[in-house]
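Below is one structure, written out as structure tokens, with a few remarks after it.
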Amino acid sequence: MSRLKVIDRILEGRRLDATDALSLWDLDVLTLGRLADLVRRRVHPEPVVTYVVDRNINYTNICTSGCKFCAFYRAPGDPGGYVLDLDSLRQKLAETLAAGGTGILLQGGLNPALPLEFYENLVGFIRGFGLQVHGFSPPEISFLARQTGLSVEDILARLITAGLSSIPGGGAEILSDRVRRAISPNKCTAGEWLQVMGTAHGLGLKTTATMMFGHLETRAERLEHLMRLRDLQDRTAGFTAFIPWTFQPGGTALGGKPAGALEYLKTLAVSRLVLDNFPNLQVSWVTQGAKIAQVALQFGANDFGSTMLEENVVAATGVTFRLSREEIVRLITAAGYSAQQRDHVYRLVGEGGQGLTASCCSSKPLPPTSCRGLGAGCGGREGRSSPRPSPHNTSFPKVAIIARVGAHRDFLARGVEYRGEQRPSTPFGEANPVHVFLHDGVEFAVLSRHGEEGYRVSAPFVNDRANLYALKALGVEKILAWCAPGAINEAMAPGNLVAPHDVLDEGKGGPHTFFPGRGQGFIRHNPVFCPGLRQALIERLADSPFKLHTKAVYVGTTGPRLETPAEIRKFAVLGGDLVGQTLVPEVFLARELELCYAALCYVVNFAEGVKDRPYEPGVLFEGLATAAEVERVREVEAAFADIVLKLLPELAGTERDCPCSRLMERYRRRGDLGEDWRTWFP
């Protein structure tokens, strides 16, 4: 592909394939930098650069891997080998806490003398100090599995039980087995590295990913590395950040010359352009120094990495760049950005690093990519902040929008004033972050049901109970649900808007109620959706440029799958107009919380069998929508924020003279439920 064509693809926001990406290295470094900075600003429009205060602790340097690029390890029996004792560890942890640290980056050699219980006790000891454990790279996990005969999943499960918070991306080097056989023949293969990470993501652990380049690999193999990471991220959305760094040859068996700053910056920029599903890109001041790290912030990076109160591996090669927390903040601000401390799973912390607070929310509009935490859903296991009011007033918006992935960014892109973020805990587990905005005097909240980066979790596995409980706890009374079903009724074409009036529940499983196995929960579902909210949005959208259908039966199914043509024909006979997996059980749960709830759908495709269309592998919905229909869908998706802002006055101003607020009255009168809804649930 020509240089102009690949630049056009980037400017249009289209994904790069392998051929596109390989041609990027033909661009001059300044052009690459400008393109990477453009993409960085799309992902993080705010001028914020994050950093973490932590300590790198290497619990042992005894290692059987014998990597040719490592100057740190000692073979078993060699002089200078060690296993860290508890007194030394205790001192290191106390120093980390005193410096405002939030966690420990814990890695070590592949030491055959250490049993699994050593690692479990090590994690538990660190967690006892209140610090996160960002520990054990895939080679260590793979090594433990081989040593113990347990599966990778079993090893991870035991470490999670011990308190492991997240996994660093070390040991990736280059994810090409040709390179790995040459530089680290005794370490896990590329496939095993990816398998550990995929398993970790499936267990709810967030991880980072790294790349050590500038030794024996080709640029095509660097690209292979990036593509394999991107593919896994498409499937799991578990990576929070990517950290490329250059091989340091000093004192190593591999030797050679280090890649220079120019090659580092070009590789960093290519990484940002290829890894379109990675939320964060980190500079490597440890290998490049402070000045190049500042320049790297213009080449796609948005994170300055760690203060590294201790670092041993790179230092063993003779490269000893050191930066204090104060110096990192100064470097970030001198480069024109605001500095913000985070933790290992990219949640922001307040001053002193003692946990997530609302202190990052100021009178200046900051996007949620700074205040929400920058990871893909943040799924850490540390304590969450309890519900608290916006720093600007003592109330909370009465209106909330539940919408697609990253919906809050649509409002940021339009300059809507950002007021802060809430992360309420619930009896039903972790709710997604709730972002607050102010527009023309009306405050409203936005929650992305599927997570905030990638498609973190499909509809049947969304924690609807936690999300709705969180909104109710924050004071929300009215919800507009934005969703994207397929059309059973051919009159409802892709790109049309639909305000459904009824639901056909064809789902299996649940939970569809807050009261499983109890009498509570039997309430009237006529009308299913709040009549006041429905009428308000119908009237306000009468002049919409998109065709609006004011009545439809939404068929809720259980996935993750596309329905068969026979099922769609059955749904049509039963009166179904749309099919999806989102509104059920969400609407039923909202009614049990006595919330006003209405839905606005935008049709994305025709359901299976409605149109006779060939199967198209690798295409969205496998060809159920034509290219022209997909373009219309993108138009209505792009208008999402404008539609919501248009509806806000009516949504906020609608009186609650509907039955929604007293749907559980029968149970109150019977004495089964008290007046305080928080006491209803076990």
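What you see is a predicted model, and the numbers here were worked out from it, not measured in a lab.
Side-chain atoms of Arg465 and Tyr469 form no donor-acceptor pair, as typed in the model, at a separation below 3.5 Å. Side-chain atoms of Arg222 and Thr267 form a donor-acceptor pair, as typed in the model, at a separation below 3.5 Å. Side-chain polar atoms of Ser137 and Glu140 form a donor-acceptor pair below 3.5 angstrom. Side-chain atoms of Gln233 and Asn277 include no donor-acceptor pair closer than 3.5 Å. No side-chain donor-acceptor contact under 3.5 Å links Ser166 and Gln132. His344 and Thr102 share no donor-acceptor pair across their side chains, judged by distance under 3.5 Å alone.
Closest of all the heavy-atom pairs between Leu164 and Phe136 is CD1-CD1, 4.1 Å. Here the closest non-hydrogen pair linking Ile155 and Thr148 is CD1-OG1, 3.5 Å. Nearest heavy atom pair, residue Ala481 against residue Arg449, reads CB-NH2, 3.7 Å.
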Inset, instruction - Please step through side chain to side chain contact (heavy atoms under 4.5 Å, CB included) for the pair Asp276 and Val39, ending with a clear verdict. - result: CA-CA 8 Å; Asp276 53 15; Val39 173; over 6 Å; no
Legend entry - side chain to side chain contact (heavy atoms under 4.5 Å, CB included) evaluation trace for Arg127 with Val133: CA-CA 7 Å; Arg127 292 293 288 116; Val133 180; 3.8 Å; yes
Inset, instruction - Tell me, with the steps shown, if Ile174 and Arg180 meet side chain to side chain contact (heavy atoms under 4.5 Å, CB included). - result: CA-CA 7 Å; Ile174 295 292; Arg180 299 178 79 81; 5.7 Å; no
Inset, instruction - Could you walk me through whether Leu232 and Phe239 pass the side chain to side chain contact (heavy atoms under 4.5 Å, CB included) test, one step at a time? - result: CA-CA 9 Å; Leu232 180 57; Phe239 290 114; 3.7 Å; yes
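Glu117 has a carboxylate O that lies under 4.0 Å from a charged side-chain N of Arg158, or vice versa, which qualifies the two as a salt bridge.
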